[in-house]
Amino acid sequence: MPWADMTPAKQENSMRYVATDNPAHSEIVRKFRPPAKEDFLLGRVWRRLLLTLLLVMGTDPVKAVEYGELVQKDGKWEFKNTEDPVLKLMHDKHLITDEDYFKTTDRTGKNWIEPADAVLNRRREMDWTHYERPLLRLPDWLDLGFENRTRFESYDHPWRASQAVGNGRTDAQIALRSRVRVGLGGDGPLRLLFEGQDSRSFLDKDPGDFRDATTVNEFDVLQLVGALTVHNVLGTGLRTDLHFGRMTMDFGSRRLIARNAFRNTVNSFDGFHWQLAQGNTWRIRAFATQPVVRDDVRLDQQYHNLLFWGTYLESRHFPWFQVDAFYFGLNDQRVPNGSAHRTYSTAGGRLYKDPKPGEPDYEIETAWQTGRRGITDHFAYLQHVELGYTFNTPWTPRLLFQFDYASGDRQPGDNQDEGFDPLFGARRWEYGPTGTWGPFARTNLISPGWRVFLNPTPSWTLMVKHRAWHLAQDRDFFGNTGVRDPTGNAGTSLGHDLELQAQWAVTSNLDCDVGYVHWFKGSYFDSPTILGQMPAGGNKDSDYFYAAIRVRI
């Protein structure tokens, strides 16, 4: 398309900038990536025009940055370094052309081409620089990406009935999770996506300890989803999306439905998803699915008698009072034992304000469950409250206070079941690492706590967390550990823990994550009834350490 026929937005997207520091003066040159037939003289005119405008505006000297983005900050023009080092190396070694380079860097920010699962999941899970595109000269309608995460993790002293390692010995694992993404359709109305995942664990010397469907799922289909998008429905300005096939999903806070990030395997669903939205102001989502049942070595499968459906409304009309409302239905009758059948309705809402420097923020979420578990009536609930403040100072510290209450069963064996079912949610960001760790879940739990976040640089995040843990009901199970005192004599004190975490996002393609947890166990683990259900050493404090690196290309 001739330059004169381009819209201003397309003209802007076809440019990059170069600044050079000179001891005598600051020279700013605007560098074009014009179409192949663009006249060179016209490029010189534009460069001179920009230089003149910036000099007239009194632009201050700026640091030299190649291929940076010129942005206005506090009334001054500055260069923001957005260049990927690997992409630059490929360009400098002439593995890719100028056109390939700029075409790849153009597909960031507002120009990001959405894959088929963009509406379903958080952007961070799918947005990185795909080096294969310029290197293999892939057409616009084809996308390809690879990801691998390797994590070492180790803990000591048991807390679950099924654990096989005791007497102070450490239990270490290496968890590998590899993915391949193949997208078709570019930015067209119909897009397709295949995402395969291979999850494995090594060094698990005790069979049955942690080799289960949360750690191992070899060679399986995580997503095979199609998306049909209409950006302006009947001229109303509304956007609608229809998804069909196998998909992963994030909803709201992710406490009840989530695409797992820390865990080595991921929840996925077969079925349909639909949304209707008005920009970032509001949207409504609905889905009808069969949750995929994971198997460690065989292909995952679905069951006709396992159904999950729901609706979710999000309102962003007021930044200080954002509202979510939801309903989820679950009908699980897979097992022959009727006492384990689950027929639940979960309804609730969420009020919150996003954190911003110099401002307080908050979140309140409530969820109520009714239905039946086997022949027993089911009534349970989850309450979450948090209050935070982000300081507008160096390192942007954020202080956050949190409180959770997840109901437990008061009297096991009676005609009322009251243990909250966390459905398909994630818990790492709130309760601590999962993987081979993860003792705490959103059921039969009371937990107040606090945490502090620090950002020494834009690519570093440091976190310190402290939480106290108690059972909501002393006669019910402790989470998913299989440990329980039916008499209630063990009490409710599970202790408290201290967690340290450091994350380093080197680029969008490379990040590192390191963490440590020390769990000061409470009096619950001093009970002979509880100790008898675990290997030796269950009453001693536990330590957990992990180190992970993720590479995406």
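Computed over heavy atoms, backbone and side chain alike; hydrogens, waters and symmetry mates excluded.
Panel note: side chain Asn444, backbone Phe477; a donor-acceptor pair is recorded below 3.5 Å. Under a 3.5 Å cut-off, the side chain of Thr443 and the backbone N or O of Phe420 do form a donor-acceptor pair. In this structure a side-chain-to-backbone donor-acceptor pair under 3.5 Å is missing from Ser199 to Glu218. Proximity of a side-chain donor or acceptor of Arg442 to a complementary backbone N or O of Ala426 within less than 3.5 Å is detected. The main-chain N or O of Glu114 is found under 3.5 Å from a side-chain atom of Arg191 such that the two form a donor-acceptor pair. One N or O on the side chain of Arg451 and one on the backbone of Glu430 form a donor-acceptor pair closer than 3.5 Å. No donor-acceptor pair closer than 3.5 Å links the side chain of Asp117 to the backbone N or O of Val225. Listed for the Asn260 side chain is no donor-acceptor partner under 3.5 Å among the backbone atoms of Val266. The closest donor-acceptor contact from the side chain of Gln223 to the backbone of Thr248 lies under 3.5 Å. With hydrogens and angles disregarded, a donor-acceptor distance shorter than 3.5 Å links the side chain of Asp220 to the backbone of Asp300.
Defined by atom type and a distance below 3.5 Å, a donor-acceptor pair is missing between the side-chain atoms of Asp543 and Tyr155. Using modelled atom types, one finds no donor on one side chain facing an acceptor on the other under 3.5 Å when comparing Ser178 with Asp198. Checking Gln383 against Thr366 by side-chain atom types alone, a donor-acceptor pair falls below 3.5 Å. Defined by atom type and a distance below 3.5 Å, a donor-acceptor pair is missing between the side-chain atoms of His273 and Gln275. For the residue pair Glu153/Tyr544, the side-chain donor-acceptor check at 3.5 Å is satisfied. No side-chain donor from either of Thr492 and Asp474 sits under 3.5 Å from a side-chain acceptor of the other. Looking at Thr434 and Arg427, their side chains never bring a donor and an acceptor atom within 3.5 Å of each other. With hydrogens and angles left out, the side-chain atoms of Arg200 and Asn264 include no donor and acceptor closer than 3.5 Å. There is a side-chain donor-acceptor pair under 3.5 Å between Tyr546 and Asp513. Residues His518 and Asp497 bring no donor and acceptor atom of their side chains to less than 3.5 Å of each other. For the 3.5 Å distance criterion, the side chains of Arg179 and Gln197 qualify, holding a donor opposite an acceptor. There is no side-chain donor-acceptor pair under 3.5 Å between Gln290 and Gln302.
Counting non-hydrogen atoms of other residues, nucleotides and ligands closer than 6.0 Å to OH of Tyr362 gives a total above 12. More than 12 heavy atoms of other residues, nucleotides or ligands sit less than 6.0 Å from atom CZ of Phe520. Other residues, nucleotides and ligands contribute at most 12 non-hydrogen atoms within 6.0 Å of the CG atom of Asn480. Around CZ of Arg124, the count of heavy atoms belonging to other residues, nucleotides or ligands within 6.0 Å does not exceed 12.
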Check step by step if salt bridge (charged side-chain N to carboxylate O under 4.0 Å, His left out) holds for Asp354 and Lys356.
-> CA-CA 7 Å; Asp354 291 325; Lys356 291 184 178 181; over 6 Å; no
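Between Phe545 and Tyr516, the gap from one ring centroid to the other reaches at least 6.0 Å. Remark: aromatic rings of Phe525 and Trp159 are distant, center separation not under 6.0 Å. Tyr381 has its ring centre less than 6.0 Å from the ring centre of Tyr405. In this structure, Phe440 has its ring center under 6.0 Å from that of Trp519. Proximity of the aromatic rings of Tyr431 and Trp469 is defined here by a centroid distance below 6.0 angstrom, and this criterion is met.
Counting heavy atoms from C-beta on, the side chains of Leu400 and Tyr389 never come closer than 4.5 Å. Contact check for Arg484 versus Phe478: no side-chain heavy atoms found under the 4.5 Å cut-off. Looking at Trp309 and Leu307, their side chains come closer than 4.5 Å, going by heavy atoms from C-beta outward. Ser201 places none of its side-chain heavy atoms less than 4.5 Å from the side chain of Leu176. Taking 4.5 Å as the limit, every side-chain heavy atom of Glu147 sits out of range of all side-chain heavy atoms of Glu125.
Taking Arg298 as the reference, Asp295 meet the side-chain contact (heavy atoms from CB on, under 4.5 Å) condition, with sequence neighbours excluded.
Both tests hold for Arg254 against Trp429: distance to the six-membered ring centre under 6.0 Å, angle to the ring axis within 45°. Remark: Arg350 qualifies as a cation-pi partner of Tyr352 under the 6.0 Å distance and 45° angle criteria applied to the six-membered ring. Under a cutoff of 6.0 Å and an axis angle of 45°, Arg151 and Phe262 form a cation-pi pair. For the pair Arg467 and Trp450, the cation does not sit on the ring face, since its NZ or CZ is not both under 6.0 Å from the ring centre and inside 45° of the axis.
Contacts classified as side-chain hydrogen bond (donor to acceptor under 3.5 Å, both in side chains) and involving residues 390-401 (residues at least two apart or in different chains) are given here: Asp361-Arg398.
Between Phe287 and the options Phe251, Phe244, Phe326, a ring pair (Phe, Tyr, Trp, His ring centres under 6.0 Å) holds for only Phe251.
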